[in-house]
There are 2 protein chains.
Amino acid sequence: MVQNKKIPDSAQPGPEKQILIAAKEVFLEKGFDGARMQEIADKAALNKALLHYYYRSKEKLYRVIVKDIMDQFFPVVFGVFDETGSLSDKITRFFDLYIGFLLDNPLVPQFIIAEIVRKPEMLMEFFSGPMESGVILQLSELIDECVRKGEMRPIPTEEFLMNLISLSVFPIIAKPILMNFLEKDDKEYNELINERKRVTADFFIRAIK
Amino acid sequence: MVQNKKIPDSAQPGPEKQILIAAKEVFLEKGFDGARMQEIADKAALNKALLHYYYRSKEKLYRVIVKDIMDQFFPVVFGVFDETGSLSDKITRFFDLYIGFLLDNPLVPQFIIAEIVRKPEMLMEFFSGPMESGVILQLSELIDECVRKGEMRPIPTEEFLMNLISLSVFPIIAKPILMNFLEKDDKEYNELINERKRVTADFFIRAIK
DNA sequence: AATATATTTAACCGTTTGGTCAAATATACA
DNA sequence: TGTATATTTGACCAAACGGTTAAATATATT
(Lines give C-alpha, C1' and ligand atoms only; values in the text may rest on other atoms or scores of the structure.)
Protein backbone atom coordinates (compact mmCIF):
# COMPACT_ATOMS: atom_id res chain seq x y z
CA MET A 1 0.00 0.00 0.00
CA VAL A 2 1.51 3.28 -1.06
CA GLN A 3 -1.06 5.60 0.45
CA ASN A 4 -1.41 4.74 4.10
CA LYS A 5 -1.94 8.07 5.83
CA LYS A 6 -4.09 7.96 8.90
CA ILE A 7 -5.83 11.14 7.79
CA PRO A 8 -5.35 11.66 4.08
CA ASP A 9 -8.00 14.39 3.89
CA SER A 10 -6.69 17.77 4.99
CA ALA A 11 -10.24 18.82 5.81
CA GLN A 12 -10.19 16.51 8.83
CA PRO A 13 -8.61 17.57 12.11
CA GLY A 14 -4.95 16.62 12.49
CA PRO A 15 -1.57 18.12 11.72
CA GLU A 16 -2.42 19.09 8.13
CA LYS A 17 -5.46 21.01 9.25
CA GLN A 18 -3.59 22.54 12.20
CA ILE A 19 -0.97 23.84 9.79
CA LEU A 20 -3.62 25.36 7.54
CA ILE A 21 -5.32 27.12 10.43
CA ALA A 22 -2.04 28.52 11.74
CA ALA A 23 -0.78 29.44 8.28
CA LYS A 24 -3.98 31.29 7.48
CA GLU A 25 -3.69 33.33 10.65
CA VAL A 26 -0.07 34.25 10.03
CA PHE A 27 -0.36 34.94 6.29
CA LEU A 28 -3.50 37.04 6.83
CA GLU A 29 -1.76 39.15 9.42
CA LYS A 30 1.77 39.37 7.99
CA GLY A 31 1.50 38.68 4.27
CA PHE A 32 3.88 36.43 2.35
CA ASP A 33 7.04 38.45 2.95
CA GLY A 34 6.35 39.06 6.62
CA ALA A 35 5.23 35.53 7.43
CA ARG A 36 7.76 33.14 9.01
CA MET A 37 7.56 29.39 8.67
CA GLN A 38 8.78 29.08 12.27
CA GLU A 39 5.93 31.26 13.51
CA ILE A 40 3.40 29.10 11.69
CA ALA A 41 4.98 25.99 13.20
CA ASP A 42 4.92 27.53 16.69
CA LYS A 43 1.30 28.60 16.34
CA ALA A 44 0.36 25.09 15.21
CA ALA A 45 2.51 23.63 18.01
CA LEU A 46 4.35 21.45 15.50
CA ASN A 47 7.87 20.95 14.28
CA LYS A 48 8.87 23.25 11.43
CA ALA A 49 9.95 20.32 9.27
CA LEU A 50 6.35 19.14 9.23
CA LEU A 51 5.30 22.18 7.24
CA HIS A 52 7.69 21.09 4.51
CA TYR A 53 6.71 17.47 4.86
CA TYR A 54 3.09 18.28 4.12
CA TYR A 55 3.36 21.34 1.87
CA ARG A 56 6.87 21.20 0.33
CA SER A 57 7.60 24.95 0.41
CA LYS A 58 6.44 28.27 1.79
CA GLU A 59 5.07 29.24 -1.60
CA LYS A 60 3.08 26.03 -2.00
CA LEU A 61 1.56 26.50 1.44
CA TYR A 62 0.82 30.12 0.62
CA ARG A 63 -1.03 29.12 -2.54
CA VAL A 64 -3.29 26.77 -0.59
CA ILE A 65 -4.13 29.56 1.86
CA VAL A 66 -4.72 32.08 -0.91
CA LYS A 67 -7.18 29.81 -2.66
CA ASP A 68 -9.01 29.31 0.61
CA ILE A 69 -9.20 33.06 1.26
CA MET A 70 -10.29 33.81 -2.29
CA ASP A 71 -13.11 31.33 -2.20
CA GLN A 72 -14.28 33.08 0.94
CA PHE A 73 -14.03 36.57 -0.47
CA PHE A 74 -15.71 36.26 -3.84
CA PRO A 75 -18.93 35.88 -2.25
CA VAL A 76 -22.22 34.34 -2.91
CA VAL A 77 -23.32 37.76 -1.76
CA PHE A 78 -23.57 38.88 -5.35
CA GLY A 79 -26.40 36.40 -5.56
CA VAL A 80 -28.67 38.95 -3.89
CA PHE A 81 -29.18 40.57 -7.27
CA ASP A 82 -30.80 37.36 -8.40
CA GLU A 83 -33.41 37.29 -5.68
CA THR A 84 -36.88 38.72 -5.99
CA GLY A 85 -37.79 42.17 -4.71
CA SER A 86 -37.35 45.78 -5.78
CA LEU A 87 -33.98 47.22 -6.77
CA SER A 88 -33.89 49.16 -3.51
CA ASP A 89 -34.42 45.98 -1.56
CA LYS A 90 -31.61 44.27 -3.40
CA ILE A 91 -29.19 47.11 -2.80
CA THR A 92 -30.15 47.35 0.86
CA ARG A 93 -29.65 43.64 1.23
CA PHE A 94 -26.32 43.75 -0.57
CA PHE A 95 -24.81 46.31 1.78
CA ASP A 96 -26.24 44.53 4.78
CA LEU A 97 -24.74 41.17 3.81
CA TYR A 98 -21.46 42.39 2.37
CA ILE A 99 -20.55 44.90 5.08
CA GLY A 100 -21.64 42.27 7.60
CA PHE A 101 -19.22 39.77 6.11
CA LEU A 102 -16.43 42.34 6.01
CA LEU A 103 -17.00 43.28 9.66
CA ASP A 104 -16.65 39.62 10.60
CA ASN A 105 -13.55 39.12 8.44
CA PRO A 106 -11.72 42.44 8.28
CA LEU A 107 -8.34 40.84 7.58
CA VAL A 108 -9.57 39.21 4.38
CA PRO A 109 -9.96 42.36 2.24
CA GLN A 110 -6.86 43.86 3.85
CA PHE A 111 -4.88 40.79 2.90
CA ILE A 112 -6.10 40.74 -0.68
CA ILE A 113 -5.38 44.41 -1.27
CA ALA A 114 -1.99 44.33 0.41
CA GLU A 115 -0.89 41.18 -1.37
CA ILE A 116 -2.24 42.05 -4.77
CA VAL A 117 0.03 45.06 -4.71
CA ARG A 118 3.12 43.20 -3.52
CA LYS A 119 2.73 39.80 -5.17
CA PRO A 120 0.29 40.32 -8.06
CA GLU A 121 1.37 37.33 -10.09
CA MET A 122 0.75 34.99 -7.15
CA LEU A 123 -2.81 36.12 -6.55
CA MET A 124 -3.92 36.73 -10.11
CA GLU A 125 -4.15 33.08 -11.08
CA PHE A 126 -6.94 32.64 -8.57
CA PHE A 127 -9.05 35.39 -10.06
CA SER A 128 -10.09 33.87 -13.34
CA GLY A 129 -12.17 31.15 -11.71
CA PRO A 130 -14.56 32.99 -9.41
CA MET A 131 -14.82 35.87 -11.84
CA GLU A 132 -16.29 34.02 -14.74
CA SER A 133 -19.62 33.61 -13.01
CA GLY A 134 -21.02 36.29 -15.29
CA VAL A 135 -21.79 38.74 -12.50
CA ILE A 136 -21.15 41.70 -14.76
CA LEU A 137 -23.40 40.57 -17.58
CA GLN A 138 -26.10 39.68 -15.14
CA LEU A 139 -25.83 43.02 -13.36
CA SER A 140 -25.87 44.75 -16.73
CA GLU A 141 -29.19 43.17 -17.58
CA LEU A 142 -30.66 44.08 -14.21
CA ILE A 143 -29.64 47.72 -14.68
CA ASP A 144 -31.16 47.79 -18.20
CA GLU A 145 -34.39 46.39 -16.89
CA CYS A 146 -34.57 48.84 -13.99
CA VAL A 147 -33.85 51.75 -16.30
CA ARG A 148 -36.69 50.61 -18.58
CA LYS A 149 -39.02 50.41 -15.61
CA GLY A 150 -37.92 53.88 -14.52
CA GLU A 151 -36.55 52.62 -11.21
CA MET A 152 -33.17 54.19 -11.85
CA ARG A 153 -31.29 56.40 -14.27
CA PRO A 154 -28.85 54.83 -16.75
CA ILE A 155 -25.44 54.23 -15.19
CA PRO A 156 -22.50 52.32 -16.69
CA THR A 157 -22.32 48.88 -15.11
CA GLU A 158 -18.65 49.42 -14.27
CA GLU A 159 -19.43 52.51 -12.25
CA PHE A 160 -22.36 50.84 -10.53
CA LEU A 161 -20.19 47.92 -9.47
CA MET A 162 -17.14 49.99 -8.52
CA ASN A 163 -19.20 52.26 -6.28
CA LEU A 164 -20.96 49.34 -4.69
CA ILE A 165 -17.68 47.71 -3.74
CA SER A 166 -15.76 50.90 -2.95
CA LEU A 167 -18.34 52.08 -0.43
CA SER A 168 -18.41 48.66 1.25
CA VAL A 169 -14.75 47.67 1.31
CA PHE A 170 -12.72 50.84 1.69
CA PRO A 171 -13.89 51.81 5.18
CA ILE A 172 -12.84 48.33 6.32
CA ILE A 173 -9.38 48.20 4.80
CA ALA A 174 -8.60 51.78 5.79
CA LYS A 175 -9.95 51.27 9.30
CA PRO A 176 -6.71 52.05 11.15
CA ILE A 177 -6.36 55.35 9.32
CA LEU A 178 -10.00 56.37 9.44
CA MET A 179 -10.31 55.46 13.12
CA ASN A 180 -7.51 57.87 13.88
CA PHE A 181 -8.84 60.47 11.48
CA LEU A 182 -12.37 60.43 12.87
CA GLU A 183 -11.11 60.05 16.45
CA LYS A 184 -13.08 56.89 17.19
CA ASP A 185 -12.00 53.90 19.22
CA ASP A 186 -12.44 50.37 17.97
CA LYS A 187 -15.94 49.90 19.34
CA GLU A 188 -17.20 53.25 18.09
CA TYR A 189 -15.78 52.64 14.66
CA ASN A 190 -17.44 49.24 14.32
CA GLU A 191 -20.75 50.83 15.33
CA LEU A 192 -20.22 53.46 12.66
CA ILE A 193 -19.68 50.75 10.06
CA ASN A 194 -22.72 48.89 11.29
CA GLU A 195 -24.83 51.99 10.75
CA ARG A 196 -23.31 52.28 7.31
CA LYS A 197 -25.20 49.16 6.27
CA ARG A 198 -28.37 51.27 6.21
CA VAL A 199 -26.91 54.70 5.61
CA THR A 200 -24.83 53.69 2.61
CA ALA A 201 -27.66 51.77 1.02
CA ASP A 202 -29.74 54.92 1.31
CA PHE A 203 -26.89 57.00 -0.10
CA PHE A 204 -26.50 54.64 -3.03
CA ILE A 205 -30.19 54.40 -3.85
CA ARG A 206 -30.53 58.18 -3.95
CA ALA A 207 -27.49 58.44 -6.20
CA ILE A 208 -28.90 56.21 -8.89
CA LYS A 209 -32.43 57.61 -8.83
CA MET B 1 34.63 72.48 12.76
CA VAL B 2 32.46 69.54 13.60
CA GLN B 3 30.03 69.87 10.74
CA ASN B 4 31.99 69.99 7.53
CA LYS B 5 29.86 68.09 5.06
CA LYS B 6 30.04 69.32 1.53
CA ILE B 7 26.29 68.99 1.20
CA PRO B 8 24.73 69.00 4.64
CA ASP B 9 21.22 69.54 3.31
CA SER B 10 19.59 66.34 2.08
CA ALA B 11 17.33 68.40 -0.14
CA GLN B 12 20.29 69.19 -2.39
CA PRO B 13 21.46 66.77 -5.07
CA GLY B 14 24.14 64.33 -3.92
CA PRO B 15 24.34 60.91 -2.35
CA GLU B 16 21.86 61.65 0.42
CA LYS B 17 19.24 62.75 -2.06
CA GLN B 18 20.04 59.86 -4.41
CA ILE B 19 19.45 57.44 -1.58
CA LEU B 20 16.12 59.04 -0.75
CA ILE B 21 14.94 58.85 -4.35
CA ALA B 22 15.95 55.21 -4.70
CA ALA B 23 14.58 54.27 -1.28
CA LYS B 24 11.24 55.86 -2.04
CA GLU B 25 10.95 53.89 -5.26
CA VAL B 26 11.80 50.59 -3.61
CA PHE B 27 9.73 51.07 -0.45
CA LEU B 28 6.72 52.23 -2.46
CA GLU B 29 6.88 49.16 -4.64
CA LYS B 30 7.94 46.48 -2.15
CA GLY B 31 6.97 47.76 1.30
CA PHE B 32 9.21 47.53 4.36
CA ASP B 33 9.44 43.73 4.49
CA GLY B 34 9.97 43.28 0.77
CA ALA B 35 12.49 46.09 0.36
CA ARG B 36 16.20 45.22 0.30
CA MET B 37 18.93 47.63 1.30
CA GLN B 38 21.08 46.21 -1.49
CA GLU B 39 18.42 47.00 -4.09
CA ILE B 40 18.19 50.57 -2.85
CA ALA B 41 21.96 50.88 -3.04
CA ASP B 42 22.04 49.43 -6.56
CA LYS B 43 19.25 51.74 -7.74
CA ALA B 44 21.13 54.71 -6.30
CA ALA B 45 24.39 53.38 -7.80
CA LEU B 46 26.09 53.64 -4.43
CA ASN B 47 27.77 51.36 -1.96
CA LYS B 48 25.41 49.73 0.50
CA ALA B 49 27.44 50.93 3.47
CA LEU B 50 26.58 54.49 2.49
CA LEU B 51 22.92 53.90 3.31
CA HIS B 52 23.95 53.09 6.87
CA TYR B 53 26.45 55.93 6.97
CA TYR B 54 23.73 58.45 6.19
CA TYR B 55 20.64 56.83 7.71
CA ARG B 56 21.90 54.39 10.36
CA SER B 57 19.37 51.61 9.76
CA LYS B 58 16.70 50.35 7.41
CA GLU B 59 14.01 51.45 9.85
CA LYS B 60 15.41 54.98 10.17
CA LEU B 61 15.54 55.31 6.40
CA TYR B 62 12.02 53.92 6.13
CA ARG B 63 10.75 56.53 8.59
CA VAL B 64 12.16 59.34 6.49
CA ILE B 65 10.47 57.97 3.39
CA VAL B 66 7.17 57.43 5.18
CA LYS B 67 7.10 61.02 6.39
CA ASP B 68 7.77 62.17 2.85
CA ILE B 69 4.98 60.03 1.44
CA MET B 70 2.52 61.06 4.13
CA ASP B 71 3.11 64.75 3.53
CA GLN B 72 2.32 64.08 -0.09
CA PHE B 73 -0.82 62.10 0.55
CA PHE B 74 -2.66 64.24 3.05
CA PRO B 75 -3.31 66.70 0.47
CA VAL B 76 -3.96 70.32 0.21
CA VAL B 77 -6.80 68.99 -1.93
CA PHE B 78 -9.09 69.22 1.07
CA GLY B 79 -8.61 72.94 0.69
CA VAL B 80 -11.14 72.95 -2.15
CA PHE B 81 -13.90 73.04 0.43
CA ASP B 82 -12.59 76.43 1.50
CA GLU B 83 -12.82 77.98 -1.93
CA THR B 84 -15.79 79.96 -3.20
CA GLY B 85 -18.49 78.41 -5.35
CA SER B 86 -21.50 76.17 -4.90
CA LEU B 87 -21.35 72.87 -3.05
CA SER B 88 -21.65 71.03 -6.36
CA ASP B 89 -18.68 72.93 -7.72
CA LYS B 90 -16.61 72.06 -4.68
CA ILE B 91 -17.45 68.37 -4.90
CA THR B 92 -16.78 68.29 -8.63
CA ARG B 93 -13.48 70.01 -8.08
CA PHE B 94 -12.56 67.65 -5.24
CA PHE B 95 -12.99 64.51 -7.32
CA ASP B 96 -11.20 66.10 -10.24
CA LEU B 97 -8.16 67.08 -8.17
CA TYR B 98 -8.04 64.05 -5.89
CA ILE B 99 -8.57 61.36 -8.51
CA GLY B 100 -6.12 63.25 -10.70
CA PHE B 101 -3.50 63.10 -7.97
CA LEU B 102 -4.18 59.41 -7.38
CA LEU B 103 -3.86 58.63 -11.07
CA ASP B 104 -0.46 60.33 -11.10
CA ASN B 105 0.68 58.59 -7.90
CA PRO B 106 -1.10 55.22 -7.74
CA LEU B 107 1.60 53.64 -5.58
CA VAL B 108 1.09 56.15 -2.80
CA PRO B 109 -2.35 55.02 -1.60
CA GLN B 110 -1.41 51.39 -2.27
CA PHE B 111 1.65 51.79 -0.09
CA ILE B 112 -0.23 53.45 2.76
CA ILE B 113 -2.99 50.85 2.82
CA ALA B 114 -0.63 47.90 2.50
CA GLU B 115 1.78 49.19 5.14
CA ILE B 116 -0.82 50.39 7.61
CA VAL B 117 -2.02 46.83 7.82
CA ARG B 118 1.44 45.28 8.17
CA LYS B 119 3.30 47.89 10.21
CA PRO B 120 0.62 50.01 11.86
CA GLU B 121 2.78 51.27 14.71
CA MET B 122 5.38 52.60 12.26
CA LEU B 123 2.91 54.63 10.22
CA MET B 124 0.61 55.82 12.96
CA GLU B 125 3.03 58.30 14.49
CA PHE B 126 2.90 60.32 11.30
CA PHE B 127 -0.87 60.70 11.35
CA SER B 128 -1.32 63.08 14.24
CA GLY B 129 0.38 65.95 12.45
CA PRO B 130 -1.45 66.29 9.14
CA MET B 131 -4.74 65.29 10.71
CA GLU B 132 -5.05 68.12 13.18
CA SER B 133 -5.75 70.63 10.44
CA GLY B 134 -9.38 70.66 11.52
CA VAL B 135 -10.68 69.29 8.24
CA ILE B 136 -13.54 67.49 9.94
CA LEU B 137 -14.76 70.47 11.92
CA GLN B 138 -14.52 72.65 8.86
CA LEU B 139 -16.40 70.13 6.72
CA SER B 140 -18.99 69.80 9.45
CA GLU B 141 -19.70 73.52 9.31
CA LEU B 142 -19.92 73.48 5.53
CA ILE B 143 -22.47 70.66 5.64
CA ASP B 144 -24.53 72.48 8.28
CA GLU B 145 -24.57 75.60 6.17
CA CYS B 146 -25.54 73.76 3.00
CA VAL B 147 -28.32 71.94 4.82
CA ARG B 148 -29.64 75.29 6.07
CA LYS B 149 -29.56 76.66 2.55
CA GLY B 150 -31.37 73.57 1.28
CA GLU B 151 -28.50 72.57 -1.00
CA MET B 152 -28.30 69.11 0.53
CA ARG B 153 -30.00 66.82 3.01
CA PRO B 154 -28.43 66.30 6.45
CA ILE B 155 -25.70 63.65 6.39
CA PRO B 156 -23.28 62.74 9.19
CA THR B 157 -19.91 64.30 8.48
CA GLU B 158 -18.22 60.93 8.95
CA GLU B 159 -20.31 59.34 6.23
CA PHE B 160 -19.82 62.30 3.91
CA LEU B 161 -16.05 62.09 4.29
CA MET B 162 -15.83 58.30 4.13
CA ASN B 163 -17.83 58.16 0.92
CA LEU B 164 -15.83 60.97 -0.62
CA ILE B 165 -12.56 59.14 0.03
CA SER B 166 -13.85 55.60 -0.62
CA LEU B 167 -15.14 56.48 -4.07
CA SER B 168 -11.85 58.19 -4.98
CA VAL B 169 -9.25 55.89 -3.51
CA PHE B 170 -10.59 52.36 -3.73
CA PRO B 171 -10.68 52.05 -7.53
CA ILE B 172 -7.00 53.05 -7.51
CA ILE B 173 -5.73 50.67 -4.85
CA ALA B 174 -7.82 47.78 -6.16
CA LYS B 175 -6.80 48.48 -9.74
CA PRO B 176 -5.14 45.10 -10.41
CA ILE B 177 -8.25 43.24 -9.26
CA LEU B 178 -10.81 45.50 -10.88
CA MET B 179 -8.91 45.57 -14.16
CA ASN B 180 -9.14 41.82 -14.31
CA PHE B 181 -12.72 41.80 -13.11
CA LEU B 182 -13.93 44.34 -15.66
CA GLU B 183 -11.72 42.89 -18.38
CA LYS B 184 -9.93 46.15 -19.14
CA ASP B 185 -6.29 46.67 -20.04
CA ASP B 186 -4.18 49.31 -18.36
CA LYS B 187 -5.05 52.09 -20.79
CA GLU B 188 -8.76 51.35 -20.76
CA TYR B 189 -8.82 51.26 -17.00
CA ASN B 190 -7.09 54.61 -16.65
CA GLU B 191 -9.61 56.10 -19.07
CA LEU B 192 -12.38 54.66 -16.96
CA ILE B 193 -10.92 56.30 -13.86
CA ASN B 194 -10.53 59.54 -15.73
CA GLU B 195 -14.22 59.50 -16.60
CA ARG B 196 -14.95 58.78 -12.97
CA LYS B 197 -13.80 62.30 -12.11
CA ARG B 198 -17.05 63.59 -13.61
CA VAL B 199 -19.26 60.55 -13.19
CA THR B 200 -18.51 60.07 -9.52
CA ALA B 201 -18.98 63.73 -8.72
CA ASP B 202 -22.39 63.48 -10.36
CA PHE B 203 -23.13 60.29 -8.43
CA PHE B 204 -22.14 61.91 -5.15
CA ILE B 205 -24.08 65.12 -5.71
CA ARG B 206 -27.27 63.20 -6.47
CA ALA B 207 -26.78 61.08 -3.37
CA ILE B 208 -26.68 64.02 -0.99
CA LYS B 209 -29.55 65.98 -2.60
C1' DA C 1 5.15 -10.13 17.40
C1' DA C 2 7.16 -8.80 13.16
C1' DT C 3 7.36 -5.95 9.39
C1' DA C 4 6.43 -2.14 6.43
C1' DT C 5 5.03 2.32 6.08
C1' DA C 6 3.69 6.85 7.73
C1' DT C 7 4.85 10.49 10.88
C1' DT C 8 7.77 13.37 13.75
C1' DT C 9 11.92 15.23 15.53
C1' DA C 10 16.48 17.58 16.28
C1' DA C 11 20.32 18.86 14.17
C1' DC C 12 22.13 20.80 10.33
C1' DC C 13 22.98 23.53 5.73
C1' DG C 14 23.49 27.15 2.26
C1' DT C 15 21.87 31.70 1.37
C1' DT C 16 20.36 36.08 2.21
C1' DT C 17 19.78 39.76 5.20
C1' DG C 18 20.82 44.10 7.82
C1' DG C 19 24.66 45.90 9.62
C1' DT C 20 29.88 46.91 10.84
C1' DC C 21 34.68 48.28 10.21
C1' DA C 22 39.25 49.35 8.96
C1' DA C 23 41.35 51.01 5.21
C1' DA C 24 41.33 54.03 1.16
C1' DT C 25 40.10 58.23 -1.10
C1' DA C 26 38.41 62.80 -1.75
C1' DT C 27 37.83 67.45 0.01
C1' DA C 28 38.47 71.68 2.70
C1' DC C 29 41.39 74.57 5.10
C1' DA C 30 45.96 76.23 7.12
C1' DT D 1 51.77 71.53 0.40
C1' DG D 2 50.39 69.29 4.53
C1' DT D 3 46.96 67.99 7.64
C1' DA D 4 42.51 67.20 9.43
C1' DT D 5 38.05 65.85 8.36
C1' DA D 6 34.42 64.01 5.53
C1' DT D 7 33.23 60.48 2.35
C1' DT D 8 33.43 55.99 0.08
C1' DT D 9 34.66 51.31 -0.49
C1' DG D 10 35.17 46.16 -0.19
C1' DA D 11 35.52 42.72 2.87
C1' DC D 12 33.42 40.83 6.57
C1' DC D 13 29.96 39.24 10.44
C1' DA D 14 26.18 37.38 13.20
C1' DA D 15 21.52 36.37 12.87
C1' DA D 16 17.57 34.80 10.54
C1' DC D 17 15.70 32.56 6.89
C1' DG D 18 13.71 28.54 4.03
C1' DG D 19 14.73 24.14 3.44
C1' DT D 20 16.96 19.17 4.04
C1' DT D 21 18.14 14.82 6.19
C1' DA D 22 18.96 10.87 8.87
C1' DA D 23 17.38 8.93 12.66
C1' DA D 24 13.56 8.03 15.93
C1' DT D 25 8.82 7.01 16.80
C1' DA D 26 4.07 5.82 15.99
C1' DT D 27 0.70 3.20 13.42
C1' DA D 28 -1.48 -0.28 10.65
C1' DT D 29 -1.46 -4.83 8.62
C1' DT D 30 -0.14 -9.66 8.55
Side-chain angles (χ1 to χ4, degrees), chain A residues 1-27 29-66 115 118-119 121-122, chain B residues 1-27 29-66 115 118-119 121-122:
Chain A
M1 230 178 257
V2 181
Q3 280 289 54
N4 203 18
K5 281 187 179 184
K6 276 178 304 182
I7 299 142
D9 187 349
S10 73
Q12 309 298 328
E16 278 194 69
K17 186 73 186 184
Q18 276 175 258
I19 292 171
L20 286 183
I21 292 170
K24 188 169 178 179
E25 273 186 56
V26 175
F27 279 130
E29 205 178 318
K30 307 279 180 74
F32 183 81
D33 287 336
R36 299 288 161 243
M37 294 298 269
Q38 188 59 58
E39 190 182 348
I40 296 174
D42 290 346
K43 188 158 280 186
L46 296 169
N47 190 288
K48 193 189 62 167
L50 271 187
L51 309 194
H52 292 96
Y53 177 74
Y54 285 114
Y55 297 98
R56 293 282 302 167
S57 69
K58 184 182 183 182
E59 191 175 320
K60 292 256 174 56
L61 177 56
Y62 180 76
R63 289 187 131 85
V64 175
I65 300 299
V66 167
E115 291 295 286
R118 305 276 177 246
K119 297 260 170 295
E121 67 291 345
M122 269 198 194
Chain B
M1 230 179 255
V2 180
Q3 281 289 52
N4 204 19
K5 282 188 179 182
K6 276 178 304 181
I7 300 142
D9 187 351
S10 72
Q12 308 297 330
E16 278 194 69
K17 185 72 187 184
Q18 276 174 258
I19 292 170
L20 286 183
I21 291 170
K24 189 170 177 179
E25 274 186 56
V26 175
F27 279 130
E29 204 178 316
K30 308 280 179 75
F32 183 81
D33 287 335
R36 299 288 161 243
M37 294 297 270
Q38 189 60 57
E39 190 182 347
I40 296 173
D42 290 347
K43 188 156 281 186
L46 295 169
N47 189 288
K48 194 188 64 168
L50 270 187
L51 309 194
H52 292 95
Y53 177 74
Y54 284 114
Y55 297 99
R56 295 279 302 169
S57 71
K58 185 182 183 182
E59 191 174 321
K60 292 255 172 59
L61 177 57
Y62 180 75
R63 289 188 132 85
V64 175
I65 300 300
V66 167
E115 292 294 287
R118 304 278 178 243
K119 298 260 171 294
E121 65 293 345
M122 269 197 197

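Lettering follows sequence order; numbering is per chain, from 1.
As judged by a 4.0 angstrom heavy-atom cut-off over every strand, B:A35 is placed among residues touching the sugar-phosphate backbone only.
The phosphate of D:dT8 has OP1 or OP2 within less than 4.0 Å of a side-chain N or O from B:Y54. In terms of phosphate contacts, B:R36 brings a side-chain nitrogen or oxygen within less than 4.0 Å of OP1 or OP2 of C:dG18.
Counting only heavy atoms from C-beta on, A:A49 has its side chain closest to D:dT20 among C:dG18, D:dT8, D:dT20. Listed candidates were D:dG19, D:dT7, C:dT8. Nearest to the side chain of A:P15 is C:dT8. Minimum atom distance to the side chain of B:N47 is reached by D:dG10, of the listed C:dG19, D:dG10, D:dG19.
In this structure, NZ of B:K30 is placed 14 Å from C1' of C:dT17, rounded to the nearest angstrom. Between B:R56 atom CZ and C:dC21 atom P the separation is 10 Å, expressed in whole Å. Rounding to whole angstrom units, OH of residue A:Y53 and C1' of D:dA24 are separated by 14 Å. In this structure, the NZ atom of A:K58 is 17 Å from the C1' atom of D:dT20, given to the nearest Å. In this structure, A:D33 places its CG atom 11 Å from P of C:dT17, rounding to the nearest Å. Note: NE2 (A:H52) to P (C:dT9) measures 15 Å, nearest angstrom. Rounded to an integer number of Å, the gap from B:M37 CE to C:dG19 P is 6 Å. Counting to the nearest Å, the C1' atom of D:dT7 and the CD atom of B:E16 are 11 Å from each other.
Smallest separation of non-hydrogen atoms from B:K48 and B:A41: CA-CB, 3.7 Å. Between A:F32 and A:E115, the shortest heavy-atom contact is N-OE1, 3.2 Å.
Donor-acceptor pairing under 3.5 Å, judged by distance alone, is present between the side chain of A:K48 and the base of D:dG18.
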Q: Show the numbers, then the answer: is there a salt bridge (Lys or Arg N to Asp or Glu O under 4.0 Å) between A:K119 and A:D33?
A: CA-CA 9 Å; A:K119 297 260 170 295; A:D33 287 336; 3.4 Å; yes

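If you take CD on A:E25 and NZ on A:K30, they are separated by 10.5 Å, rounding to the nearest 0.5 Å. The CG atom of B:L20 lies 7.0 Å from the CG atom of B:L61; values are rounded to the nearest 0.5 Å.
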